[in-house]
Amino acid sequence: MRLRLPTERPTEPPTGFKIAHPVLSQDGTRAGFTGVSLGGALPYGVVADAGCVYGRRHRPPSRLCDCGFHCVHERTAAEALLCTAEHRSAVLLEVSVLGAYIRFERGFRYARQRVRTMTVGPCACGAPAVALADAGWGRPGLRALAAACAACVRGRTSVTPASFARLAGDGLRAVTDSALGGAALGDVPSAPGVGTGASGAVGAGLGPGGAQAPGVADADGVPEALTTPDGPTTPEGLGAPQELGVPELVAEAALLQARLDWFQTQLARLGERGTGPAGHG
């Protein structure tokens with residue numbers, strides 16, 4: 001006799017938490033995420049359908065397979081994953097569990113998801129992050145990004161969290177949290193001349209792009225979706241454009257100031273090299 005799992009019919013989609021690496025397309029027009037475990041080679045957008053990573057022809061989540069998206073019930077459990085060395089540069093995602101799912105003691109395995117909020121932690125140096133910069137690795141056609149403060153961005157390809165949310169589309173909300181992953185908020189000083197909003201939040205509204213990588217969105221202002229486990233798709237129900245608020249403008253200004261400071265430093269070094277003692281014949 002085959003036992004069947006209990007059936008749940010929630011009135012609203014369950015909420016879960018997970019970690020992932022933010023990624024930016026090579027031309028700078030698309031943004032999404034890539035997982036940290038089994039499905040890490042399959043990037044996905046804000047709204048995405050799961051596929052079987054083993055190539056089997058069944059609908060996730062199958063009871064006899066590990067396929068499907070994964071998340072945990074508690075935010076603290078997802079934050080604990082950020083303590084490991086290989087996951088220090090990941091971001092925290094709050095997701096809505098859509099479609100069929102299997103409930104486990106600590107989380108869900110499910111068929112479809114919507115990423116509602118992305119929380120960016122501090123820079124690797126401990127300072128508050130103002131941008132997502134090139135992490136030095138990626139997938140074919142995609143650059144992995146990591147949190148960076150104003151002093152560490154330098155000349156790397158980078159976008160502000162607000163610009164990343166705009167490129168990702170579908171109403172994604174991006175926030176910064178210097179205490180994410182266990183860092184003490186009051187123990188790390190800010191970079192000189194750089195401030196953040198009172199709450200540290202960066203919204204997902206439209207605004208001037210902060211990406212150094214070339215490329216723009218399409219004629220409607222909506223970027224194409226990243227390849228999901230089921231193949232290239234365009235997410236449905238893209239969020240309407242919104243205006244930037246004060247926290248987003250502060251983040252944009254801080255990033256611009258950091259790049260100007262870095263540029264002036266490089267010019268000063270070139271000047272010092274060019275004013276050396278004259279040679280003797």
Side-chain angles (χ1 to χ4, degrees), residues 18-36 43-48 89-95 114-124 128-139 141-150 152-153 156-178 180 196-197 200-218 221-227 235 238-245 247-256 258-259:
K18 62 193 301 180
I19 62 174
H21 294 290
V23 293
L24 182 70
S25 65
Q26 182 180 2
D27 59 4
T29 62
R30 296 171 293 156
F33 305 95
T34 184
V36 298
Y44 55 87
V46 174
V47 178
S89 61
V91 297
L92 178 69
L93 303 181
E94 179 183 343
V95 301
R114 173 187 289 272
V115 182
R116 297 205 308 253
T117 305
M118 174 187 69
T119 303
V120 181
C123 176
V130 298
L132 293 168
D134 191 343
W137 65 277
R139 309 292 184 196
L142 296 172
R143 291 186 178 94
L145 305 178
C149 67
C152 294
V153 170
R156 291 184 291 169
T157 298
S158 62
V159 294
T160 62
S163 295
F164 182 92
R166 174 181 61 83
L167 293 172
D170 261 319
L172 174 67
R173 178 171 174 263
V175 300
T176 57
D177 184 357
S178 297
L180 187 65
T196 58
V202 181
L206 286 173
Q212 288 184 336
V216 295
D218 60 19
V222 178
E224 297 176 0
L226 290 176
T227 302
L238 292 176
Q242 300 175 1
E243 295 295 333
L244 286 177
E248 295 89 340
L249 294 176
V250 169
E252 295 277 1
L255 183 58
L256 178 60
R259 288 172 175 163

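When each of Val159, Leu145, Leu93 is tested with Pro22 by the rule side chain to side chain contact (heavy atoms under 4.5 Å, CB included), just one qualifies, namely Leu145. Each of Val46, Val47, Leu167 was evaluated against Leu172; a single residue qualifies, Val46, per the side chain to side chain contact (heavy atoms under 4.5 Å, CB included) test.
Remark: Thr119 pairs with Arg75, Leu92, Thr117, Val175, Asp177, Leu180 by the side chain to side chain contact (heavy atoms under 4.5 Å, CB included) rule, at least two apart or across chains.
Residues Leu142 and Thr34 fail the side-chain proximity criterion, which asks for heavy atoms closer than 4.5 Å. Counting heavy atoms from C-beta outward, Phe164 and Val91 have side chains that stay 4.5 Å or more apart.
Here the shortest heavy-atom pairing between Ala147 and Ala129 reads CB-CB, 3.7 Å. Heavy atoms only, all atoms of each residue included: Cys149 and Pro128 are closest at CB-O, 3.3 Å. Scanning both residues, Arg156 and Ala148, for their nearest heavy atoms gives NH2-CB, 3.6 Å. Across all their heavy atoms, Ser158 and Val153 have their closest contact at OG-CG1, 3.6 Å. Ala90 and Ile19 make their closest contact through CB-CB, 4.3 Å (heavy atoms, listed as atom of the first residue, atom of the second, distance). Across Pro161 and Thr176, no two heavy atoms sit closer than the pair CG-CG2, 4.0 Å.
In this pair, Tyr44 and Phe33 present their aromatic rings tilted. The plane angle is within the 30 to 60° band.
At least one donor-acceptor pair closer than 3.5 Å links the side chain of Arg143 to the backbone N or O of Gln26.
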